[in-house]
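Just below is one structure, and these are the notes that go with it.
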Amino acid sequence: MKKLVQKTGLPKHGELYELHRLLGALLSQDLTIDQKLDIIGNEYDIPIEDNLRKDVSDMCNLSQGIEDKGIAIGEAKTETRIIINMYNKGFTEEQIAAVTDKDIKDVKAIIAGKGLVFS
């Protein structure tokens, strides 16, 4: 138990931090689903039924989906900046499409401001 507390940064189980620890465990990215369920079942005496197991799993997958979406947005912003910078440096739309492996229509849309252009 002590190693788990040190590794995850969760407060020790006790009345003072009971809700804080439960929420911290559920929202932790460092704990596996099984570790989360172990804390819920063993420390809080909450019965672990199939629907709770599924809900915890869904919650973990949701956070991964949010992270993946954030990464995709960041990549799109970077790609857009690269395309705009190349265009501003005198590259043709065809050259930009060839270098970035983008369809020429996408390159033209980004340059025209109709694509994913972020500041």
Rounded to the nearest 0.5 Å, how far does [atom2] of [Y] lie from [atom1] of [X]?
{"X": "Thr32", "Y": "Asp30", "atom1": "OG1", "atom2": "CG", "answer": "10.5 Å"}
{"X": "Glu49", "Y": "Asp55", "atom1": "CD", "atom2": "CG", "answer": "11.0 Å"}
{"X": "Tyr44", "Y": "Leu19", "atom1": "OH", "atom2": "CG", "answer": "8.0 Å"}

Minimum-distance pair of heavy atoms, taken over all atoms of [X] and [Y]:
{"X": "Ile46", "Y": "Leu52", "answer": "CG2-CD2, 4.1 Å"}
{"X": "Ala25", "Y": "Ile39", "answer": "CB-CD1, 3.8 Å"}
{"X": "Leu37", "Y": "Ile48", "answer": "O-CD1, 3.6 Å"}

Residue pairs fulfilling side chain to side chain donor-acceptor pair (under 3.5 Å) with at least one residue in residues 82-91, sequence neighbours excluded: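 Applying side chain to side chain donor-acceptor pair (under 3.5 Å) to every pair that reaches into residues 82-91, excluding sequence neighbours, yields nothing.
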Path from Ile96 to Ile104 over hydrophobic side-chain contacts below 4.5 Å: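 As far as the 4.5 Å side-chain criterion goes, Ile104 and Ile96 are not connected within one cluster.
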Lys54 bridged to Asp50 by N-O distance under 4.0 Å: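 Result for this pair is no, no salt bridge flagged.
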Sidechain N-carboxylate O distance under 4.0 Å for Arg53, Asp34: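 Judged by the 4.0 Å cut-off on N to carboxylate O distance, Arg53 and Asp34 do form a salt bridge.
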Val56 and Ile40, any side-chain heavy atoms less than 4.5 Å apart: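 They are in side-chain contact.
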Flag side-chain contact, heavy atom, 4.5 Å: Thr100 against Met86: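 Side chain of Thr100 against side chain of Met86, heavy atoms only: contact under 4.5 Å found.
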Any donor-acceptor N/O pair, Gln95 side chain to Thr92 backbone, under 3.5 Å: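 Pair found, side chain donor or acceptor close to backbone of Thr92.
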Listed partners of Glu67 passing side chain to side chain contact (heavy atoms under 4.5 Å, CB included), at least two apart: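 Glu67 satisfies side chain to side chain contact (heavy atoms under 4.5 Å, CB included) with Gln64, Ile71 only.
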Residues which pass salt bridge (charged side-chain N to carboxylate O under 4.0 Å, His left out) with Lys102, listed by chain and number, not counting sequence neighbours: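 Once residues adjacent in sequence are excluded, the partners of Lys102 under the salt bridge (charged side-chain N to carboxylate O under 4.0 Å, His left out) criterion are Glu79.
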